[in-house]
*Asks:* 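Take a look at the following structure, please.
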Amino acid sequence: MKRHRWSACCLALFCAVGIGVSGQTPSENKLVIHADREVARIAPEIYGHFAEHLGRCIYDGFFVGEDSSIPNLDGVREDVIQALLKIKIPVLRWPGGCFADEYHWREGIGPKDQRPPMLNTHWGMVTEDNSFGTHEFLNLCELLGAEAYVAGNVGSGTVEEMQDWVEYMTFAGDSEMGLLRKANGREKPWRVKYFGVGNENWGCGGNMTAAYYADLYKRFQTYVRSYSGNRIVKVACGPGGDDADWMETVMKEAGSRMDAVSMHYYVMTGSWGRKGHATEFDEGDWFELMKRTRGVHDLIEKYSAIMDRYDRRKRVGLYVDEWGTWWDPAEGSQSGFLVQQNTLRDAVSAGIFLNAFNQHSDRVRMANIAQTINVLQAMIMTEGEKMIVTPTYHVFDLYQIHQGARKLDTELTSALYKMGDAELPALDVSVSKGAEGQIYLTICNLDPQNDQTLSCEFKNFEPKEVSGRVLTASAMNAHNTFDQPESVTPKPLTGGQINGSIVTLQAPSKSVMAITIR
Ligand code: AHR
């Protein structure tokens, strides 16, 4: 087995800066942690979420209505609120996705029996009754203690409609919009920190060229104002997948007028037409997903390099505001509802993604997994009164330690996980320092067959105590169901050893771990 060293500063898979080291024993996995070299703050928003009017994410997922027999607070499920509070959800993006560019916010305010229904043309052609609208969303963010990230309609909306929405939500005074909000029962404006000017405008958001969108962006954003002390962060629509031309044009033409630009990155093992099965797969598929997930480093680095040309000081954030696995829909599920099961494979993929966002936290300042409940790589699944959390939820639980911590400089030498002629580092890590000097370490073992022993060498830090949790299972496709909700849950770390400045950890095959070292 060959070994390679990966520098955390340049962790992209094919960007190994290191030296190949020969040798066979797993203990040669080595991580050097420079505890005195803090590189960047890890924005809590990297652990953000996304809730679209799609399938059963909003209705049945978050919102069951005030009259439901399911315990709720103003119509929002209490069990969901508790589960999301536990993982400290920092930001929630809404109402889409593709839905955002056909959403007309005025239809979702005022007395519910007077809200007109609309057709959700992107997602199953179902009727949307608009019972969950601006008030319900922003009140939910307040309940969760999460920042609101509202996506505005560029594709089928007007500049005036967007301007009015921002004023309605955030202006304290007695303008037409301020008075309308007050008449609808909300005296004080809400805090709306993030506002997206369109979504996927190269596709479902209007099929625009980059140059056309850049012009529209400049026009629309002019009227997205900061009112009454609410400093709004304006987010431009960036590329989906690999589209450097889009990023180049939008940054060149409009970079100086935005606070952030988005990118979307979904992973699967097949193609968009046949994405792959969520639960029935072999090790080749497992490897393929790990490989494509690690591809996010390449894309972030490619986009960061473009951004650097127009924004050398890194003022503009790169928001990966949709990411995650996307599988063929579950058998028997409703068309357009994007229902999929969530296995240990999804969890390891999520761990790799989050490590990557941490590693690029100088530019990546927000990321929103798609989507929170019952859709795509969900955190939570609901069925009537029942609610379960997925393996991916547990990854967010484990990784919450990094929120707001300082990323540390590290060097990783990892064993290789090989599949035919292809190879990946078996271990994928991220390291940060908390407010009280404790060190946080998250580790994914991508190899589904072999456990790994990792030796962590601390520079300028004396390890005294090690604790942590480990998420794994015996099968690659292990998952939670309503009958067996705890098949995949984290267990306490065993076997962490301290010897001077070295901490030795055991990473089971196909696992995600979160470790705290004091
Ligand atoms: O998350 C599902 C969809 O994926 C979103 O609506 C869209 O933005 C993306 O294509």
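Note that this is a predicted model, so its numbers are computed, not measured. Residues take their numbers from the sequence shown, with the count starting at 1. For ligands, and for the atoms within them, numbers begin at 1 and follow the listed sequence.
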*Asks:* Name the option, out of W123, F50, W323, that contains the heavy atom nearest to atom 3 (C) of ligand 1.
*Replies:*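 Considering heavy atoms of W123, F50, W323, the nearest to atom 3 (C) of ligand 1 sits in W123.
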*Asks:* What residue and atom, counting heavy atoms only, is the protein's closest point to atom 1 (O) of ligand 1, and at what distance?
*Replies:*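 Ranked first by proximity to atom 1 (O) of ligand 1 is Y266 OH, 2.8 Å.
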*Asks:* From the options W123, Y59, F337, select the one residue that forms a ring pair (Phe, Tyr, Trp, His ring centres under 6.0 Å) with H53.
*Replies:*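 In the set W123, Y59, F337, the residue that makes a ring pair (Phe, Tyr, Trp, His ring centres under 6.0 Å) with H53 is Y59.
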*Asks:* Taking only heavy atoms of E200, which atoms of ligand 1 are found under 4.0 Å from at least one of them?
*Replies:*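 So the answer, numbered in order with elements, is 7 (C), 8 (O), 9 (C), 10 (O).
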*Asks:* Considering only NZ, NE, NH1 and NH2 on the basic side and carboxylate oxygens on the acidic side, decide whether K193 and D259 come within less than 4.0 Å.
*Replies:*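 Looking at K193 and D259, the cut-off is not met.
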*Asks:* Is it the side chain (CB and beyond), the backbone, both or neither of H122 that lies under 4.0 Å from ligand 1, heavy atoms counted?
*Replies:*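 Under 4.0 Å from ligand 1, H122 contributes no heavy atoms.
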*Asks:* Should the pair D285-R345 be classified as a salt bridge under the 4.0 Å nitrogen-to-oxygen rule?
*Replies:*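 The answer is no: the pair does not qualify as a salt bridge.
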*Asks:* Considering only heavy atoms of L376, which atoms of ligand 1 have at least one such atom less than 4.0 Å away?
*Replies:*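 Per the distance check, 1 (O), 2 (C).
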*Asks:* Does F482, at its CZ atom, have more than 12 non-hydrogen atoms belonging to other residues, nucleotides or ligands within less than 6.0 Å?
*Replies:*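 Yes - once you tally the heavy atoms of other residues, nucleotides and ligands closer than 6.0 Å, there are more than 12.
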*Asks:* Which of the atoms of ligand 1 are close to G97, meaning less than 4.0 Å from one of its heavy atoms?
*Replies:*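 In order of number, 5 (C), 6 (O), 8 (O).
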*Asks:* With C98, which residues qualify under disulfide (SG to SG under 2.5 Å), at least two apart?
*Replies:*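 Expected list: C204.
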*Asks:* Before signing off on this row, confirm whether E52 and ligand 1 have an N or O atom pair separated by under 3.5 Å.
*Replies:*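 Such a contact does occur with ligand 1.
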*Asks:* Can you check whether H135 and Y168 have ring centres sitting under 6.0 Å from each other?
*Replies:*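 Yes: the rings meet the under 6.0 Å criterion.
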*Asks:* Give the numbers and elements of all ligand 1 atoms closer than 4.0 Å to a heavy atom of Q371.
*Replies:*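 Every atom of ligand 1 under 4.0 Å from some heavy atom of Q371: 1 (O), 2 (C).
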*Asks:* Quick one: look at N199 and ligand 1, take heavy-atom pairs under 4.0 Å, and tell me if it's side chain, backbone, both or neither.
*Replies:*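 Just the side chain.
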*Asks:* Provide the number and element of each atom of ligand 1 under 4.0 Å from a heavy atom of C98.
*Replies:*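 Near C98, the atoms of ligand 1 are 5 (C), 6 (O), 7 (C), 8 (O).
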*Asks:* At under 4.0 Å between heavy atoms, which part of F99 makes contact with ligand 1: side chain, backbone, both or neither?
*Replies:*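 Neither; nothing of F99 gets under 4.0 Å from ligand 1.
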*Asks:* In this structure, which one of N368, T372, N199 forms a side-chain hydrogen bond (donor to acceptor under 3.5 Å, both in side chains) with R93?
*Replies:*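 So, applying the side-chain hydrogen bond (donor to acceptor under 3.5 Å, both in side chains) to R93 and each of N368, T372, N199, only N199 qualifies.
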*Asks:* For this output row, return yes or no: ring centroids of Y103 and W94 closer than 6.0 angstrom.
*Replies:*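 Yes, the ring of Y103 comes within the 6.0 Å limit of the ring of W94, centre to centre.
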*Asks:* Which residue and atom name correspond to the protein heavy atom nearest atom 8 (O) of ligand 1, and how close is it?
*Replies:*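 That would be E322 OE2, 2.7 Å.
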